[in-house]
Every structure is written in C-alpha cells, then in structure tokens.
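The structure under discussion appears below in the form of structure tokens.
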Protein chains: 2
Amino acid sequence: MSNKFYIPKLAVFGVGLIGGSLAIALKNAGAVGQVIGVGRSLENLNKALALGVIDEVQSDPLTATKDADLIVLATPVNTVIRMLEKIEPALDYRKIVTDVGSVKGEIAQRAKSILGDKISQFIPGHPIAGKEKSGVTAAAGNLFENHKVVLTPLSSSDRHAYAQVERMWLTVGALVTEMDVLSHDRVLSITSHLPHLLSYTMMNFLSNSQEKDKCYEMAAGGFYDFTRTASSDPEMWRDISLMNRQQLLRHLGEFQSELSGIAELIESGDEQAIETLFASAKKARSLVSDRRSSD
Amino acid sequence: MSNKFYIPKLAVFGVGLIGGSLAIALKNAGAVGQVIGVGRSLENLNKALALGVIDEVQSDPLTATKDADLIVLATPVNTVIRMLEKIEPALDYRKIVTDVGSVKGEIAQRAKSILGDKISQFIPGHPIAGKEKSGVTAAAGNLFENHKVVLTPLSSSDRHAYAQVERMWLTVGALVTEMDVLSHDRVLSITSHLPHLLSYTMMNFLSNSQEKDKCYEMAAGGFYDFTRTASSDPEMWRDISLMNRQQLLRHLGEFQSELSGIAELIESGDEQAIETLFASAKKARSLVSDRRSSD
C-alpha cells in the first residue's frame, strides 16, 4: 500500500460490540476523521459519545449517509435490509457501504433489489469475532486483531469499493478472506449457527429436566464450555437462524441423522464403530486446536 | 475430625490423570505412607515411579490388594469390574475399595454379584474433574481442589468405609456430595455424557462436510469451546457411552425431539417462539455461569 488508509467521515449504524470496536480500532489507528453514530437507542449513542467511541450522534439514517464516505451497517441482520432501504436515496458512486451480518445470502439478494445499480457500492462482510457480551461497553479496539473477516463481493461489486473495505479491516488487524455468498452461509451454518442452536437446546434440555437442581450442581467445565454460546443474544440469534434457515435446516437434518446412527451403534453395543467415530472426531478436533494455537 | 486422615498403604489401579493426581495430592497432604501403582503398562508405571507419583510398581492386582489398606480403582469403567473380580479374594473388612468411574449403575450392580458380602467395603465414587489430556504426565496435585466428588454408597455400604473415602477426598480439597446410583447416572448423562456425544458428532459432521477446508478455516472461539470435549479419550468415552446406554439413549431421544421441535419453529418462521426458547436458554446458562464463578 503506497498511501495510508483514511476515512474522513465514517457512519456506524449500530454502535454495539462490533460497530463500537471497529470505531475504536480505526480511531486508534488514526484511520478515521469523524465517526457518526446511528441507532435506535439515544441512550446507547450518548454512552458511546461519552466514551469517545463516536464523535456525533445522528438518529436519521439518511442524513448520516449524506455526510459519510463509508457506511458500516453493524446492526442485527434484519435491520441491515431495512437500513439499506432507508439510505438508498443518499448513496452514490463516491460512497461505500458494508455490513457485518452473520448471514450473507438473503442480505445480498435483498440488497440487489433495493439498491439497483448502486449495488456496486455495497460490499457484504462478516467479521468472525465476538463475545457473549454485547453493547458498546463491551467494545474494544483489539477485538478484530488476528480474527478472520469474510468479504463476499458480488459480481457487480466495484473493485475500488472492495479494496477500501478490505483495507479498513486490514487496518484494524483483521485477516481478510474472500468467499462467495453461498459458501459463506454453508460454512457458517456448520461452524457457528448449528452449534449455537445445539448449545441453546442443550441448555434448555438441562433446565427442563426433572433433575435440574442436581444437574446445575454437577455441570462442570465441559458443560460450561459446550454451552458458552447459549449466552449469546437471543434476538440476534433468532434473526440469524431464520435468515439462514435453508442451510441451517439442511445441516440440522443431516446432524440428526448422524445422531440416530450413533444411537443405533450404542443400542447394538458396536464397540469398534463407536471408538472409530470418537477417534476420528478427536483427530479432527486436533486440527481445529492446532490451527487456533498457530493463530 | 479429631485425628488426621492417614492411609499407610494405598494401591492405585490405573496411574493416569485421575489416579496420578490423587496420589500426588495425598502425598502433598502427608496423608499417605506408601503408594503402590498397578496397571497394564509397565512403561507408564515406571514413568510414574520416576516422577515420584508412586513408590512401588506392582503388576499383580491380588498382591497389590493384599498389601494395601485402601484400593482406588482409577481404570476405565470396564476395567473396574474386571479388577473387582481379580482382587475379591484378597478383600476383607479391614480393606476399603473405591472407584472413580463416570457411570455408577452397572458398576454397582456387577460389584454386588462379584463381591457378595464384601460389597460393604466398596464405596463407588466419581470425581467430577478432568481435562482433555490424559496420562500420568498430565496429573497434578491440585486437580480436585474445589471440584465435586460424588459418592454413591449402597444400602449395604459400611459407614466407616464411606467415612474414610469421604475423608480421602476432603483431604485433597474436593467437595463431596452423596447421591444415589440412579440419580448419578441420570444427571451425568445430561451434564456430561450427552454433551460429549454431541461434541464428537459435531466434530465429525464438520470434517465430513464438502466444505471442510473452509470450515476449519472459519472455526472460531465458539466452535472451539463447543467441541472441546471431542478431544477426550475415545476408548474411555466409548465405554462410558455403552455402560450408561440406558440413560444416554433416553436423553438422546428426548434431545432429538427438542431439535425437531425447533426445526419446525424455524421452518414456520415463528419468531416469538424461537426468541423465547433462546432467551430461556440464556437465562439458564447464566445460572451455570454464576455458580461457576462463585466456586
């Protein structure tokens, strides 16, 4: 890169964990002039202002977009689509829009019909970073360091717009990967959406059990880690589950078949087959583990 | 307790993570005279001897039992039963036997028929402690500190024998809980055996996916924690799954029904019901989380 990445005016829609952390990280890098915070909750925006995460509060999406060079939609996935509808009149080829949603297929499809020719300026994105805590008070400038960010450009995407969004994420220390929209939704359904669903279900399963008091008493480290994602925001995960329902339901069905297969092996006492399955899972897990420690 | 707990001669069958950690902790507490290590692998026993975890290697279960005051069967669950058969001739009312198996029902039932009247000297136990790593090199003297140990005495259990096993665990810093055999197996099936099965299955599901390379690349913190237990020893978990199959299959079936119910809600797009389920799971998880941080 010959010249330093710099955004004169950045609009962040949804100043929560992701939006807030991005604003902080760009400020820390000296890569942004002014940050306009946009959102539903004036209380949250004022908190972000007091914390220095944003420089200006704006409740009107259209006004914020008119003022901004780069617009980051860091709202829940459903709201991304509503916001695209609202800001469309203020978009032109000098502005760039990106989002951070965990589902890309439906957003890309709806964006095409909402934005028309201006779709070239929209670069869908998804930072693979987060914690169970949410809100601007959980935001941190190092959230994206060494974390993957997936960009899923469309065939109509403007290359300059793509390059700018890529540079924004590189500037905050992220590792940018390009993927097509469908691959993204398939992969994330397996690595994230299905595990969330299983984790939520396991937690409810325990709390609905007749022995729930003893279960709470006996739940140890393994259970704690297994159900960590059940602490995630219910509204956000409701929307993700519904928006990626096609992939998620397919994978859930396949996963259920696998479970039924293992149930049969246990029922019939097939020691060898059970051990083989567990051993191959252990081997596969070591690949996840190795990769993580080498990050 | 009026006098200090002290075992002149302790025999540990299976000097791995649990058996090794118990020997180290009792030595650190000055609560044991001599530790006899018993096991299949002479290499492992010699390693334990070199590390000072045990003081004597003994390959013959009967000889070890003749010499010992307290016998801890820290072998895989299947082997516990085989070892009870082997040591039975050397047992009498002055000796105490306990085990550390994750399943108690089948062990208790088999022990009754193997030991006859001597069953009074057998106190089934289960320390809720562990890590994915196994073997004596992973053993540590603080493994049981503030961890639960469940004892499941039988109606025929000798009260003095029970009190001695309880004191042994208290001496190494554990929190001892009494439960009946059936409750133990039901509760552990929910808090441990089913999550292990789901975690192993999820890991295989990812590694059998067409997009496995991208899945490995995208697997982040949530997936890593969700599948932590898939790194557990396959042979050990094969045996646990089979030995507790009655409870495990019942719970797996119920869990599958829950999953099918959620799939229907996602299919039909029932936002309110999905959010309610996720919110109740989040609330239940906070109870696990609060309890853990107060430990």
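Just so it is clear, the model here is predicted, and its values are computed rather than measured. First the proteins, then the strands, lettered A, B, ... as listed; each starts at 1. Side chains are part of it too, since the values below use all heavy atoms of this structure and drop only hydrogens, waters and symmetry mates.
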Closest non-hydrogen contact found for B:Phe226 with A:Pro195 is CE1-O, 3.5 Å
With rounding to the nearest 0.5 angstrom, report the CG to CD distance, B:Leu242 to A:Glu275. 10.5 Å
Rounded to the nearest 0.5 Å, the CZ atom of A:Arg238 sits from the CG atom of B:Leu265 at a distance of 13.0 Å
Given B:Leu249, B:Val150, B:Ile262, the one with more heavy-atom pairs under 4.5 angstrom with chain A than any other is B:Leu249
If every non-hydrogen atom of B:Arg245 is compared with every non-hydrogen atom of A:Ser268, which pair is closest and at what distance? NH1-C, 4.3 Å
Top contributor to chain A contacts, counting heavy-atom pairs under 4.5 Å, from B:His147, B:Glu271, B:Met179, B:His184: B:Glu271
Atom group of A:Leu252 that falls short of 4.5 Å from chain B, counting heavy atoms: side chain
Examine whether an atom of A:Ser207 lies under 4.5 Å from a heavy atom of chain B, and if so say whether it belongs to the side chain, the backbone or both; otherwise answer neither. side chain
With a 4.5 Å heavy-atom cut-off, do B:Leu259 and A:Leu198 have their side chains touching? yes
Taking atom CD of A:Gln246 as the centre, does the number of heavy atoms from other residues, nucleotides or ligands within less than 6.0 Å exceed 12? no
Check ring-ring contact (aromatic ring centres under 6.0 Å, His included) between A:Phe223 and all other residues, then give those that pass, not counting sequence neighbours. none
From the list A:Leu248, A:Leu287, A:Leu206, the residue making the most non-hydrogen contacts under 4.5 Å with chain B is A:Leu287
In this structure, CD1 of A:Ile190 is separated from NZ of B:Lys214 (nearest 0.5 Å) by 11.5 Å
Tell me whether A:Arg250 at atom CZ has more than 12 heavy atoms from other residues, nucleotides or ligands lying less than 6.0 Å away. yes
Looking only at heavy atoms and a cut-off of under 4.5 Å, which of B:Ile274, B:Leu197, B:Ile266 has the most pairs with chain A? B:Ile266
Main-chain N/O of A:Ser231 paired to B:Lys282 side chain as donor or acceptor, under 3.5 Å: yes
Could you check if a side-chain atom of B:His251 sits within less than 4.5 angstrom of a side-chain atom of A:Phe205, using non-hydrogen atoms only? yes
Smallest heavy-atom separation, B:Ala220 atom then A:Ile128 atom, equals CB-CG2, 3.6 Å
Side chains of A:Gln210 and B:Arg186, heavy atoms from C-beta outward: is any pair under 4.5 Å? no
Given the options A:Glu254, A:Met218, A:Gln256, which has more heavy-atom pairs under 4.5 Å with chain B than any of the others? A:Gln256
Search all heavy atoms of B:Arg285 against all heavy atoms of A:Tyr224 and return the closest pair with its distance. NH2-O, 2.7 Å
Is there a donor-acceptor contact under 3.5 Å from the side chain of A:Asn204 to the main chain of B:Phe278? no
Does any backbone or side-chain atom of A:Ser241 lie under 4.5 Å from a heavy atom of chain B? Answer side chain, backbone, both or neither. both
Pick one: which of B:Leu188, B:Val288, B:Thr191 meets side-chain contact (heavy atoms from CB on, under 4.5 Å) with A:Cys215? B:Thr191
Any donor and acceptor pair, going by atom type alone, linking the side chain of B:Arg228 with main-chain N or O of A:Gly221 inside 3.5 Å? yes
Which one, A:Glu258, A:Lys212, A:His196, A:Glu267, leads in non-hydrogen pairs under 4.5 Å with chain B? A:Glu267
Going by heavy atoms in the side chains, are A:Leu277 and B:Thr201 under 4.5 Å from each other? no
Given that the side chain runs from C-beta out, which part of B:Thr177 has a heavy atom under 4.5 Å from chain A: side chain, backbone, both or neither? side chain
Using non-hydrogen atoms only, which part of B:Ser192 is less than 4.5 Å away from chain A: side chain, backbone, both, or neither? neither
